[in-house]
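Right, one structure below, let's go through it.
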Amino acid sequence: MAIIPSPVDLAPLRRAPAWRTAEYICWLLPVAAYFLFPTSLSLLSQMAITGLFALSLDLILGYAGIVSLGHVAFFGVGAYAAGLLAKYGYGDPLLGLAIAGTVAAAVGYLSSFLVLRGSDLTRLMVTLGVAMMLFEAANKLTEFTGGVDGLQGVDMKPVLGLFRFDLYGKTAYWYSVAVLFVFFWLARRIVHSPFGLSLRGIKQNVIRMPAIGAPVHARLAAVYTLGAAYAGVAGALLTQTTQFVSLDVLSFPRSAAVMLMLVLGGTGSLYGALIGTLVFMTAHHFLSNLNPQYWQFWLGAVLVLVVLFARDGIMGIAQTVIKRVRGKA
Amino acid sequence: MRQLKSSIAAAALAFFAAAGAQAADLKIGLILPMTGPFASHGKQITNGIKLYLAQNGDTIAGRKVQLIIKDDAPGTSGDVSKRNAQELVIQDKVDILAGFSLTPEAFAVAPIATEAKKPMVVMNAATSSITTKSDYIVRTSMTLPQTTAPIASWAAKNKIKTVYTIVADYGPGYDAEGQFKKTFTAAGGQIAGEVRVPVNSNDFSPYLQKVKDTKPDAVFLFVPNGPMGIAFMKGFQERGLAQAGIKLIATGDLIDEDVIDAIGDPALGVINSFHYSEAHKSPENKAFTEAYYKAYPNDRPNFMAVAAYDGMRLIAEALKKTGGDADAEKFIAAARGLKWMSPRGPVEIDPATRDIVQTVYIRKVEKVGGKLQNIEFDQVPEFKDPGKQ
């Protein structure tokens, strides 16, 4: 599509596709973490998986401005798709990811017709409704999903036929980080493409976009489907690395938590999703170990402070600081 | 956590001095919902474990017990439970995994127990098949069919010919419904009607009216304990089903000591089957409840606390037999066939299934000294889990 004429300064966006030093360093962290925290690999892999999930929400919320409280629906669909595939003998992890992503994308595409009809409040309700329907369906189809007891017998084959999922979580860790990186790289290309720019345009001024020839509805449906596929892949990763699917993968608290992580990190910047996840899950981990009964109080306090003093999340603070430093220099 | 550690440390000190040189600490990793909707489970279970240690000293076979609690709230997400188990095994190097209040927790952790070769003591989760998921699992609580079948056979024997079943629309509800129908019809009873109500619905009036019109001898109810059961019993009373001669029968988790006070008087007269009542008459239970109230004056001891108390006892007895060795094979071999007198009555670990064999009592809710209690009046002794037959 053609370049969108815009009064907004697009220079940073044009510059963005080249990887910056800070980004290289950022992606060296998972490698360092492997050697620094060899006994926490299962937590670290779940951070990577949740990071991918937050990234998927960032695509639709941060870039396209579609508010969703039911994003967990696609995570759950992916998780169950991967789980059922493995249970019935198709335990190859990469095949599972591909199919789970496709199935979640299909569900995302179909539900996009419902979701994109209304305004923000309607969207909140519809996304929540879709997730609740799927939750109840999974709850009801006990023979198929295991219901509240969870899906068992998820038997995964080694990754690429070489690396078995081990007790220490080494394979699970590298596998999750690799998948996260690939999908992050892809998301980075997408959001800086003309398609990504048109999404930002829609978010900024939805009435003006049709006037410059951007098909708003089709664009939103496309990104919603993409976000669903990403969430499905994240769900599949969780299933594959834990070899168990609980009904909880479709529950509202998981939707709410991922929203919190994204807001904490900062919406509309891919790294915000990852940083938010990292900070949220680290805080959760330490606080709940420190005090198994009342840790939620401290987590709540941290979140309130962030909303009060750092409206654009951690990325927002970081950008302000960088600007100030550069301004002085 | 800190409180727990200091109280254990204080109790240990006296023991320590006498025992002299010590072997390595015995680390027990507990996976429990300590926050969220099932926080009361975590509380009762830790209460039970700590009570046992406070009474019997926290050194078992020369090894000092160290408890490490991991909150996996809400308890229904297997991934969190599994991660906690991995951390307990890899980081904390625990000897034994224990706790497990809800079925998904136990299912998710079972493969870890197998792979890491750690004994896994299930202290509440009640789905029958749990013990088949790893050779290293042993259970001290109950199974759902185990507590459901006796009320069905009792009903059939006691002039209840037709029963209307009402269960919550979820996995354990189906299990309870299935087991009840199986046992009750095999004994010659008839199912007058059946309905599954959505979990967390609080308005039972349409169902209750239908039941009233059908005029069965009794209603069998299974819903998760908490607000649903409370709402049902209140509706049952308000609509006058009891006056119409319809009895209410249930499994005891519906009106255990944790919720019975919240239900209040509508609970009076409910007949139910269960393996533990605070009002159970035995010297063991008297000692247990007195110690419990002394340690936790604001809580009432319930079946979860007893199962955890017994779970800790099982760990202690098995380790005494192995000389403190917590190797999974040796531990499970020692646990098979263990018998002891629990506050609930005599119990045994089935040597074949590693599941608990216990007396299931038929009880009726009555007021004793101003307090609602489940009063036992009939029993099925040495009852094995019928779900595995």
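Please read all numbers here as calculations on a predicted model, not as lab measurements. Just so we're on the same page: letters track the sequence lines, and every chain starts at 1.
B/Ile112 CD1 to A/Leu167 CG: the interatomic distance, rounded to the nearest 0.5 Å, is 5.5 Å. Atom-to-atom distance recorded for A/Leu287:CG and B/Asp71:CG is 11.5 Å, nearest 0.5 angstrom. The structure places OG of A/Ser288 at 11.5 Å from CE of B/Met34, a figure rounded to the nearest 0.5 Å. Atoms CZ and CD, on A/Phe165 and B/Glu115 in that order, are 12.0 Å from each other to the nearest 0.5 Å.
For A/Arg254 against B/Asp79, the heavy-atom pair with the smallest separation is NH2-OD1, 3.1 Å. In terms of heavy-atom proximity, B/Tyr174 sits nearest to A/Asn139 at OH-O, 4.2 Å.
Across B/Gln91, B/Arg196, B/Arg83, B/Lys133, the residue that shares the most heavy-atom pairs under 4.5 angstrom with chain A is B/Arg83. Between chain B and the options A/Glu136, A/Gln243, A/Lys140, the largest number of non-hydrogen pairs under 4.5 Å is found for A/Lys140.
Residue A/Ser40 touches chain B through both its backbone and its side chain, counting heavy-atom pairs closer than 4.5 Å. For a residue to count as touching a neighbouring chain, one of its non-hydrogen atoms must lie under 4.5 Å from one of that chain's; by this rule B/Ala39 does not touch chain A. When heavy atoms are compared at a cutoff of 4.5 Å, B/Lys43 does not approach chain A at all. Residue A/Leu238 touches chain B through its side chain alone, counting heavy-atom pairs closer than 4.5 Å.
When only modelled atom types and interatomic distance are considered, B/Glu87 and A/Thr39 share no side-chain donor-acceptor pair under 3.5 Å.
In this structure, A/Ser246 contributes its side chain and B/Gly78 its backbone to a donor-acceptor pair below 3.5 Å.
Under a cut-off of 6.0 angstrom, the local environment of NZ in A/Lys170 is sparse, with at most 12 non-hydrogen atoms contributed by other residues, nucleotides or ligands. Around CE of A/Met132, the count of heavy atoms belonging to other residues, nucleotides or ligands within 6.0 Å does not exceed 12. The 12-atom threshold is not exceeded at CH2 of A/Trp298, counting heavy atoms of other residues, nucleotides or ligands nearer than 6.0 Å. Heavy-atom contacts from other residues, nucleotides or ligands closer than 6.0 Å to OH of A/Tyr90 number 12 or fewer.
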